[in-house]
Undergrad: 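Sharing a structure, written as structure tokens. Questions coming.
By convention in this document, chain letters (A, B, ...) are assigned in the order of the sequence lines, proteins followed by strands, and residues within each chain are numbered from 1.
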2 protein chains.
Amino acid sequence: MAARREHLFEVFNCLIAIKKECSSQIFTECGLVDITVKQVAYLRAIDEHTDVTFSRLAEITGTSKPTVTEMINKFVRMECVYRERSSADGRIAYIRLTRKGRMIAKAEQNTLNRMIERMIQSLDDDDVDRLIEILGKVR
Amino acid sequence: MAARREHLFEVFNCLIAIKKECSSQIFTECGLVDITVKQVAYLRAIDEHTDVTFSRLAEITGTSKPTVTEMINKFVRMECVYRERSSADGRIAYIRLTRKGRMIAKAEQNTLNRMIERMIQSLDDDDVDRLIEILGKVR
DNA sequence: TTTAATTAGGTATAACAAAACTAACAATAA
DNA sequence: TTATTGTTAGTTTTGTTATACCTAATTAAA
């Protein structure tokens with residue numbers, strides 16, 4: 001029935017609005033409302049690998065070392081990353097995420113977690129279980 | 001319980017993946033995979049007003065007429081809009097969305113509609129009704 | 001000498017704007 | 001009625017600023 005579609009549309013529209021709210025909360029809290037999609041991708045790349053150096057990040061992102069230096073300098077100014085000089089080899093610097101940088105790198109997961117927190121607060125346990133059961137069927 | 005949160009996280013993660021799939025389908029079908037966020041915002045502005053002229057769009061977007069001319073020329077090349085000269089006043093041109101332009105302007109709604117179509121195909125009517133009921137409670 | 005990162009210097013593109021311009025229209029004086 | 005003048009809508013030219021990249025040269029450590 002078309003009314004079912006309509007109703008589903010409405011409830012999901014509302015849910016999407018809540019998600020957007022949670023997401024922009026995160027970026028606002030970090031003071032990074034106009035960070036770009038590419039910058040987030042860089043932070044994620046750093047987060048998803050361990051002990052990332054400048055050469056390694058150039059490799060991962062398919063760019064050059066100067067590009068990485070520039071980008072990282074910007075991120076340092078944005079308080080998203082810091083350099084950690086290797087104690088074993090003074091030439092090497094590891095790129096480390098700050099708390100803020102990690103928050104942005106994991107923004108999607110964090111958004112979803114906040115959204116789920118709100119859902120759990122609005123719903124009783126039975127509803128949550130039913131919701132999990134029903135949505136688990138969607139392919 | 002933490003397990004509930006975990007389960008909710010999983011099912012919603014899956015749902016978000018489906019949504020992304022539906023969304024990129026739309027952009028791929030239009031051949032506009034790397035359209036920018038700003039460009040989509042312009043198309044939406046055109047869609048949300050009637051009989052938009054160049055001056056009007058400059059006003060709406062808080063930019064200048066040359067910027068609009070440039071942007072619209074690009075959109076014409078992308079086959080998202082076309083100019084329609086006013087028959088009453090030869091100086092005026094209305095900016096009209098093509099089928100493709102409208103698809104992009106309404107990409108969010110279209111994405112949601114496709115997602116809902118998939119949900120309806122995966123679920124029976126009772127599940128849909130329950131889903132609407134439960135999600136309707138979320139604030 | 002080789003390697004890791006940085007600096008210096010440069011290119012291409014996006015997204016804007018100011019100023020000058022063209023074409024169309026409106027009002028009016030000859 | 002027609003020519004003149006001023007106004008408006010959109011375009012072109014030219015220039016600015018910022019992003020995102022590059023190559024080549026340099027510095028410092030190994």
Side-chain angles (χ1 to χ4, degrees), chain A residues 27 31-46 49-98 101 104-105, chain B residues 27 31-46 49-98 101 104-105:
Chain A
F27 289 95
L32 295 172
V33 269
D34 29 50
I35 194 168
T36 69
V37 177
K38 274 196 179 173
Q39 286 173 332
V40 176
Y42 267 84
L43 291 176
R44 289 184 59 172
I46 298 164
H49 298 80
T50 46
D51 294 341
V52 183
T53 62
F54 284 73
S55 309
R56 182 83 188 94
L57 189 57
E59 217 175 279
I60 293 166
T61 58
T63 61
S64 65
K65 288 196 281 177
T67 300
V68 172
T69 298
E70 219 175 39
M71 181 62 72
I72 295 304
N73 284 338
K74 184 174 289 171
F75 280 149
V76 169
R77 269 177 263 128
M78 291 161 85
E79 299 176 305
C80 287
V81 308
Y82 60 96
R83 284 171 173 80
E84 186 181 290
R85 229 68 221 194
S86 164
S87 53
D89 185 337
R91 291 169 304 180
I92 290 173
Y94 297 111
I95 303 164
R96 307 286 188 207
L97 292 177
T98 61
I104 300 297
Chain B
F27 288 95
L32 295 172
V33 269
D34 27 51
I35 193 169
T36 69
V37 178
K38 275 197 179 174
Q39 285 173 332
V40 176
Y42 267 82
L43 290 176
R44 288 184 59 174
I46 297 164
H49 297 81
T50 45
D51 294 340
V52 183
T53 63
F54 284 73
S55 310
R56 182 83 187 96
L57 189 57
E59 217 175 279
I60 293 167
T61 59
T63 61
S64 64
K65 289 194 285 176
T67 300
V68 172
T69 298
E70 219 175 36
M71 181 63 71
I72 295 304
N73 284 338
K74 185 175 288 169
F75 281 149
V76 169
R77 270 178 261 128
M78 292 160 85
E79 298 177 308
C80 287
V81 308
Y82 61 94
R83 284 171 172 79
E84 187 182 290
R85 283 276 158 198
S86 163
S87 53
D89 186 338
R91 293 168 303 178
I92 291 172
Y94 296 112
I95 303 164
R96 306 287 188 207
L97 293 176
T98 62
I104 299 296

Undergrad: Please report the distance, rounded to the nearest Å, between CD1 in B:Ile92 and C1' in D:dG10.
TA: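 Taking CD1 of B:Ile92 and C1' of D:dG10, I get 10 Å after rounding.
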
Undergrad: In this structure, how many angstroms lie between the C1' atom of D:dT19 and the CE atom of A:Met78, rounded?
TA: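 Computing the A:Met78:CE to D:dT19:C1' distance gives 13 Å.
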
Undergrad: Whole angstrom is fine here: how far is it from CD1 in B:Ile95 over to P in D:dA9?
TA: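 Result: 13 Å.
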
Undergrad: Can you identify which nucleotide, out of D:dG10, D:dC21, C:dC16, has its nearest atom closest to the B:Ser55 side chain?
TA: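 The nucleotide sitting nearest to the side chain is D:dG10.
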
Undergrad: Between B:Ser64 and A:Arg85, just flag the one whose closest nucleotide in DNA chain C comes earlier from the 5' side.
TA: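 In this pair, the answer is A:Arg85.
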
Undergrad: When you compare the side chain of B:Leu97 with that of B:Cys80, does any pair of heavy atoms fall below 4.5 Å?
TA: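 With C-beta onward as the side chain, the pair stays apart.
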
Undergrad: Looking across every strand, which nucleic acid part, if any, lies under 4.0 Å from B:Thr63 by heavy atom: base, sugar-phosphate, or nothing?
TA: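 Sugar-phosphate contact only.
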
Undergrad: Just the rounded figure in Å: distance from C1' of D:dA20 to CG of B:Asp34.
TA: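 About 15 Å, once rounded to whole Å.
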
Undergrad: What integer distance in Å separates A:Lys65:NZ from D:dA24:P?
TA: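 So the NZ-P distance, A:Lys65 to D:dA24, works out to 14 Å.
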
Undergrad: Taking atom types as modelled, find out whether A:Ser55 and A:Thr53 have a side-chain donor-acceptor pair closer than 3.5 angstrom.
TA: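 No.
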
Undergrad: Closest approach to the side chain of B:Pro66, judged atom by atom: which nucleotide of C:dC25, C:dA19, C:dA5 is it?
TA: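 Of the options given, the side chain of B:Pro66 lies nearest C:dA19.
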
Undergrad: According to a strict under-4.0 Å criterion, is B:Arg83 in side-chain N/O contact with OP1 or OP2 of D:dT11?
TA: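 Affirmative; the distance criterion is met.
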
Undergrad: Could you tell me how far apart B:Asn73 (CG) and D:dT13 (P) are, to the nearest whole angstrom?
TA: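 Checked: the CG to P distance equals 12 Å.
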
Undergrad: I need the CZ-C1' distance between A:Arg56 and C:dA5, as an integer number of Å.
TA: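 It works out to 17 Å between those atoms.
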
Undergrad: Is there a side-chain contact between B:Thr53 and the phosphate of D:dA9, meaning an N or O under 4.0 Å from OP1 or OP2?
TA: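 Negative; the distance criterion is not met.
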
Undergrad: Would you indicate whether the side-chain heavy atoms of A:Arg83 and A:Ile95 approach each other to under 4.5 Å?
TA: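 Not touching, per the 4.5 Å side-chain cut-off.
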
Undergrad: Without decimals, in angstroms, what is the distance between A:Glu70 CD and D:dC22 C1'?
TA: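 So the two atoms are 10 Å apart, to the nearest Å.
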
Undergrad: OP1 or OP2 of D:dC22 versus the side-chain N and O atoms of A:Thr67: is any pair under 4.0 Å?
TA: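 Yes, A:Thr67 has a side-chain N/O under 4.0 Å of OP1/OP2 on D:dC22.
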
Undergrad: Below 4.0 angstrom from OP1 or OP2 of C:dC16, is there any side-chain N or O of B:Tyr42?
TA: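 It does, given that an N or O in the side chain of B:Tyr42 lies less than 4.0 Å from OP1 or OP2 of C:dC16.
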
Undergrad: Report yes if the side chains of B:Phe54 and B:Thr67 come closer than 4.5 Å at any heavy-atom pair, otherwise no.
TA: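 No, side chains not in contact.
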
Undergrad: Using a cut-off of strictly less than 4.0 Å, decide whether A:Lys38 has a side-chain nitrogen or oxygen near OP1 or OP2 of D:dC21.
TA: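 So the side chain of A:Lys38 is within the cut-off, an N or O lying under 4.0 Å from OP1 or OP2 of D:dC21.
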
Undergrad: A:Val76 versus A:Ile72: any side-chain heavy-atom pair under 4.5 Å?
TA: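 In short, these two side chains touch, coming nearer than 4.5 Å.
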
Undergrad: Hey, does the side chain of B:Lys74 come within less than 4.0 Å of C:dA15's phosphate (OP1/OP2), counting only N and O?
TA: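 Yes, within the criterion.
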
Undergrad: Quick check on D:dA20: is either OP1 or OP2 less than 4.0 Å from any side-chain nitrogen or oxygen of A:Thr36?
TA: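 A:Thr36 to D:dA20 OP1/OP2: side-chain N or O found under 4.0 Å.
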
Undergrad: Heavy atoms only, 4.0 Å cut-off, all strands: where does B:Tyr94 land among base, sugar-phosphate and nothing?
TA: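 Nothing, no heavy atom under 4.0 Å.
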
